[in-house]
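Structure record follows, encoded as structure tokens.
Because the structure is a prediction, the values reported are computed rather than measured. When reading the values below, keep in mind they use all heavy atoms of this one structure, side chains included, and skip hydrogens, waters and symmetry mates. Below, chains carry the letters A, B, ... as their sequence lines are ordered, and counting in each starts from 1.
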Amino acid sequence: MENGPLQLGHVTFTNRLFTGTGKFAANTLIPGMLKASGSEMITVALRRIDTTARSENILDYIPRGVTLLPNTSGARNAEQAVRIARIAREAGCGDFIKIEVITDMKYLMPDNIETLKATEILAREGFIVLPYVLPDLPLAKRLESAGAAAVMPLGAPIGSNRGLETMSLIAILIENCRVPVIVDAGIGRPSQAAAAMEMGADAVLVNTAIATASDPEAMGRAFDLAVKAGRIAFLAELAEPSAGASASSPLTGFLH
Amino acid sequence: MDIIVNGKRETGPPCSIAELVARKGLLTDGLVVELNHLIVKHEQWQAIRLKENDAIELLSFVGGG
Amino acid sequence: MSFYAHVEQYGNFDFPRFFEGVSGDAVERSLAKDKLGPVDFLNLLSPKAAEYLEQMAQKAHRLTIQYFGKTIQLFIPLYLSSHCSNQCAYCGFNRKNDIIRRTLSLREIEAEARAIALTGMRHILFLTGESPFHTPTEYLIQASECLKRHFASVSIEIFPMDEADYRGLRQAGVDGMTLFQETYDPEVYRRVHLAGRKTDYRYRLDAPERGARAGFRMINIGALLGLSEPRREIFHTGLHGRYLENRYLETEVSISLPRFNDTEGSFKPDYRIDDKSFVQFMTALRLFSPKAGITISTRENARFRDRLLYLGATRYSAGSCTGVGGYAEVKMQQSPQFEITDTRNVDEVAAAIVAGGYQPVFKDWDAIV
């Protein structure tokens, strides 16, 4: 297997680190971070305008060529998520949508069931759906059938920076999902991003760890390197002996 | 005329969407307008006049994870 | 204290009944474990486990790489003597066999050593029959000293000795010993070892331990597969290895799986071990003892040995001659102890290992003291 690009929908990504615009001390840090990290897709959220204050347009800080990934944060159910997705597309954001439906305000756990419902609707409407979920294999298979472009299991609860707490469950998804697996949430350090990639994740999404670093540009670069390192390591492990190996029993097929 | 803007009841003179936006001093760049759960394209803000009890959402993209 | 206690413990164990009761679940449970106990080992040796062979192989493959990397230690055997006072039903050197008997003189050993050293081999295993008259302790010590001058590591595969004798050899430069129990079943042992000192089952069984106490770095054990029911033999071998590993922490244990070739002599073994079973036994051993070496000799053919690289093997003999000497003067008439089927020379074996993605190791270590 070569170190090839990642295809999501109609877009080809050569960089497997996706980033987010949330929690930056200042939006002016975002362009530098994007350049340093080489990230080709970044999340944005949709909110009611605060009419009492001068608000910035986050889109001003995202250079052309970087794919926008609006998320449905704020949605408490599938219906709201769908609405946000449609608004985002209408607003010219493109077809990508990260479905994030959180009803649990204590731990910020995604609501898998509402997320599945939203995926079913939005995929049919031609969105490139990236659902953010708790790792759950049967659910992931349903998301696949529904037309999700990827599955985005959380590594650990949002903001917890606990790394890959759900590692073994993510591993199960990686092994059994046909669509790409993008680890989102919980990655607090580049080494954790590398670990996710080493396991075989197709990409990672990192927001908080970069945005809240003292030097987000440098941290963005660190994550970029970590993701690349993890990916190369994963591919390096794949090379296995063959010579007459049968696909299902590579080591003992010759005995039959 | 009473309308609901971003979930809050407001009273004001009858106007078009474009006028409402201007009155609030909002930049149109990156602004998304939803009227009664339907998105209104930029080109139509001038033409559409608000009616009593219309619910309008003024949205924009912000930083988010 | 002796491994015999284990053999006795399992003397009346109903192996067939146990194997019959092994379910797929039991095999899977044992496969999933990191530390296997005797029952897990038995589960993996059962006929049922053959259905899980690929999984066993995958895990064995991973464990071997984890503990040994992708390397194969190479060694070469040198027979010093075919004189033997034992009467082992299955052996080419059986005293009843009318064969050419030779014992190399020290000068001849020197010549052989030089010839072998040219192949690049640095680990040598020297073998004899059992003839105190032809190969007394003093001779063995001198042979060891001679070979030690040419090779980084000298191992012995000779008759069982007292601990004091082993110490003597240790001092002369020997660092390892190979000794096959042939069969762990005392009944079968009695039946196939008809006369000579080899008839002493206990003395032989305890010899590896004496070697470990004498300070040999490496002990290689095994059963001659075919003499007795093989699953049991592998079971006992594995437990024997664990026994030694647990008691002698400074000693590396390796395990061989010598099995009869179809072409071998007139002796017809009661059991035949096919390739599939061989692989099952080998991978089960690896899973039971992740750190034990697994030695594969030239009894196994080239094509099979090339596959075994990925199935847990860690040591290969190469360029072997199983007649006496045979390296310095290849034209000499030979009466081999067993038939070699992998007849490749050292370079060919090394090349095959490299082609398989592994590194042949000619010299693993050197004694600097």
Gap between atom CZ of A:Arg47 and atom CG of B:Leu58 - 0.5 Å precision:
15.5 Å
Pairwise distance OG1(B:Thr28) to CG(A:Asn57) - rounded to 0.5 angstrom:
10.0 Å
Using heavy-atom distances under 4.5 Å, tell me whether A:Ala88 contacts chain B through its side chain, its backbone, both, or neither.
both
Highest number of heavy-atom pairs under 4.5 Å with chain A among B:Glu57, B:Lys41, B:His37 belongs to B:Glu57
Contacts under 3.5 angstrom, residues 217-225 of chain A side chains, donor-acceptor by atom type, not counting sequence neighbours:
| from | atom 1 | to | atom 2 | distance (Å) |
| --- | --- | --- | --- | --- |
| A:Asp224 | OD1 | A:Asn15 | ND2 | 3.2 |
| A:Asp224 | OD1 | A:Lys228 | NZ | 2.6 |
| A:Asp224 | OD2 | A:Lys228 | NZ | 3.2 |

Side chain from CB out, backbone as N, CA, C, O: work out which of these in B:Val62 comes under 4.5 Å of a heavy atom of chain A, or both, or neither.
both
A:Ile49 and its side chain to side chain contact (heavy atoms under 4.5 Å, CB included) partner, picked from B:Leu59, B:Val33, B:Val21, B:Leu31
B:Leu31
Would you say A:Glu165 has more than 12 foreign heavy atoms packed within less than 6.0 Å of its CD?
yes
Heavy-atom pair with the smallest gap, counting every atom of A:Leu59 and B:Phe61:
CD1-CD1, 3.7 Å
Chain B contact residues among residues 89-97 of chain A, heavy-atom distance under 4.5 Å
A:Glu90, A:Ala91, A:Cys93
Would you mind checking which part of A:Asp60 comes under 4.5 Å of any heavy atom in chain B, side chain (CB onward), backbone (N, CA, C, O), both or neither?
side chain
If the contact rule is any heavy atom under 4.5 Å from chain B, which residues of residues 102-124 of chain A qualify, in numerical order?
none
Verify the neighbour count for atom CD of A:Glu79: are there more than 12 heavy atoms of other residues, nucleotides or ligands below 6.0 Å?
no
Can you tell which of A:Arg86, A:Arg48, A:Glu100 has the highest number of heavy-atom pairs within less than 4.5 Å of chain B?
A:Arg48
Just to be sure I understand the criterion: a residue of residues 18-46 of chain A counts if one of its heavy atoms is under 4.5 Å from a heavy atom of chain B. Which ones qualify?
A:Gly20, A:Thr21, A:Gly22, A:Thr43, A:Val44, A:Ala45, A:Leu46
